[in-house]
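Below: one structure, written as structure tokens.
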Amino acid sequence: MSTHHQLSEAIERVINDARKAGALIADAPESVPLERPKNREHGDYATSIALALAKSAGKPPREIAELIATGLRSLEIIDRVDIAGPGFINITLAKATQGAIVINILENNLKFGIGNELAGVKVNLEFISANPTGPLHLGHTRWAAVGDALARVLSAAGAEVSREFYINDRGVQMDLFGESLRASALGIAKPEAGYQGGYIDDLAKKIVLAEPDFLKLSEPESLVAFREAGYKLQLQEQKDVLAKFGTNFQVWFSERSLHAGDGLTKAMARLKEQGHIFDEEGATWLRTTDFGDDKDRVLRKSDGELTYFASDTAYYIDKRNRGFDICIYMLGADHHGYVGRLKATSACAGDNPEYNIEILIGQLVKIMEGGEEVKLSKRAGTIITLEELVEKVGVDAARYTLIRYPVETPMVLDVDLLKKRTNENPVFYVQYAHARIVAVLRNATDLGVKYGLEFYKPELLEHERERELLGGLAEFPRIVAGAAQLREPHRIARYLEDLAGMYHGFYTDCRVLPMGDEKPSELHFARATLSAATMQVFFNGLQLLGVSAPDRM
RNA sequence: GCGCCUGUAGCUCAGUUGGAUAGAGCACCUGCCUUCUAAGCCGGUUGUCGCAGGUUCGAUUCCUGCCAGGCGCACCA
């Protein structure tokens, strides 16, 4: 059980005991607010519960605080309890209580931080889902990093997660893609609305080299041939680039497969059965306005063609049929208009849109280079691809920087800054802390400093820096759980940066290894053990972000 | 016009369930390497938390209105 959890239960018990004894007449608290105060003078933990109870108790908060404090003081795990300000209760833990976190970490090692908040929940996490008609660009890259990290975080909370990439391999865009490739191969003008980038020419050359006969085909035949060959190559390239980026999907889901198989038929039947389908002006509609959408949506156009929306709907229903409890969609801000219809679709299918479907909207990424904004335009060929970004700054820096911010904030990436392999880049700050500990432990072995549970005496750790670090380590499980519940992996990154600060501070003020002829003491052992536990948390945390934890830098 | 997101230090941005003196990195000034990685640490400077109201013991956080920026409102994909 975490220290935090242990404490909040203890406080609750004290309050309930006081209520039973009639010493306190107040409503039962819904939950105990317990936080780590920013100010060190306010102890290890602080609660404002007395302020919350004041109203229903009809007593001044400080009086209630005193009552609770008295109960807490008798507990072994607590060293001291103070009341401050209007009625805050500040708690300082006993040394052994605080030091116990190291034992917890070393006993669980790779599993430390893993929780069960989402145990038994099957989550489908769909992200990127680009057309296979070009390379992945910067917008996709944000999702590639955040989506993968979110998948890891959700798994850490106990969920069973499937990462899915929906391939839009059907429709007008695909045809334009084929037409553009063929035009390039034949040296004729590309279609106006087609794809213009240089990669089209490269792809076309590759195709002709492999299949020279394509040039001899009739126009309709060659359009299909180029389209299909281009599709295969481009999709493979997306897969390769993502694999290099450390983002791996369990399922690459083809839109075509919904039409080729019975996915669409099943979906339509389901919606009909639920009674939300109607025909009007020769088209088939889904009455999404039944569930808050601004307008009804067309599934089958009057010309008989199925819409993209029909595929989306079928895909959603397919996911649910495959047993996923929660379907999470990660979409770019330019698609936020989809939220209403997706939620409504879920409701039309008879599901609970408050639980079965979640849509995360990510703001677009701006990019600065050479002091000015790079305008992203496919037409002008100034798109920045995932591959280019990685070439410039490396996988770790790219992933970390993209994950570090909440997705709903528009972010500006300064490529020049990321290129610098210096501490201006927060990822190095965190990685450095890990590498530093590895070096210390390497030396520890050489100097005969033993570390590990059998050499660890928590009561020896009483330096301010040690206490701070111990407190920080104890937060990790809560941070992971919070990141999972809120779908916000950036919290892990921010936490690691704080933890790095704590370790660096500890390292500076608390000598871990003996100096000169000094003999290794139990304090050295305790500090080395504390370092080992910290290293484990850095490792686990960076793992959740898909960022490497280097042994040397 | 309607809807979504954003507005916090010179810059890039944190700040879940309302809490104590609003934080970090960069930038700027200043110290700290004859013994564990100086990609580090210590100290200093920087704020009408977009504006105005409201809710209450207490609001950067919740509510309303306004201002500014981004994005979206197809029988397109």
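Lettering of chains follows the sequences in order, A, B, ..., and the numbering in each one begins at 1.
By the 30° and 60° cut-offs, the orientation of the rings of F177(A) relative to Y195(A) is perpendicular. H276(A) and F291(A) have perpendicular rings, their planes meeting at more than 60° on a 0 to 90° scale where under 30° would count as parallel.
Q485(A) comes within contact range of no nucleotide atom at all, as no heavy-atom separation falls under 4.0 Å. Nucleic acid contact class of M174(A) (heavy atoms, under 4.0 Å, all strands): none. At the heavy-atom level, A54(A) lies nowhere under 4.0 Å from the strands shown. Across all strands shown, V172(A) has heavy atoms under 4.0 Å from sugar-phosphate atoms exclusively, and none from any base. Here R511(A) lies in heavy-atom contact (under 4.0 Å) with a base.
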Its contact letters, B for base, S for sugar-phosphate only and - for none at protein heavy atoms under 4.0 Å, make nucleotides 1-8 of chain B read --BBSS--
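Close to rA24(B), at under 4.0 Å from its OP1 or OP2, lies no side-chain N or O of Y405(A). For rC42(B), one of the phosphate oxygens OP1 or OP2 lies less than 4.0 angstrom from a side-chain nitrogen or oxygen of R465(A). Within the 4.0 Å cut-off from OP1 or OP2 of rU37(B), at least one side-chain nitrogen or oxygen of N443(A) is found.
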Test ring pair (Phe, Tyr, Trp, His ring centres under 6.0 Å) on Y503(A) and H434(A); report intermediate values, then the result.
CA-CA 9 Å; Y503(A) 187 79; H434(A) 180 267; over 10 Å; no
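Here rA14(B) is the nucleotide among rC75(B), rA38(B), rA14(B) with the atom lying nearest to any side-chain atom of P406(A).
Searching all strands for a Watson-Crick or G-U wobble partner of rA24(B) with both distances below 3.5 Å returns rU12(B). rU55(B) is unpaired under the Watson-Crick or G-U wobble criterion, no partner having all donor-acceptor distances under 3.5 Å.
Stacking between F88(A) and rA20(B) is shown: the ring centroid lies under 5.5 Å from the centre of the six-membered base ring, and the planes differ by under 30°. With its ring centre under 5.5 Å from that of the base six-membered ring and a plane angle below 30°, H42(A) counts as stacked on rA20(B).
No N or O donor and acceptor, one from the side chain of T307(A) and one from the base of rC75(B), sit under 3.5 Å apart.
Under the 4.5 Å side-chain criterion, counting only non-hydrogen atoms from C-beta, V438(A) is not in contact with V440(A). When side chains are defined from C-beta on, Q485(A) counts as touching E117(A), because their heavy atoms get closer than 4.5 Å.
Between Q431(A) and Y400(A), the side chains place no donor N or O within less than 3.5 Å of an acceptor N or O (distance only, hydrogens not considered).
With both ends at atom P, the span from rC51(B) to rU61(B) equals 11 Å, rounded to whole Å.
Within 6.0 Å of CZ on R80(A) lie no more than 12 heavy atoms contributed by other residues, nucleotides or ligands.
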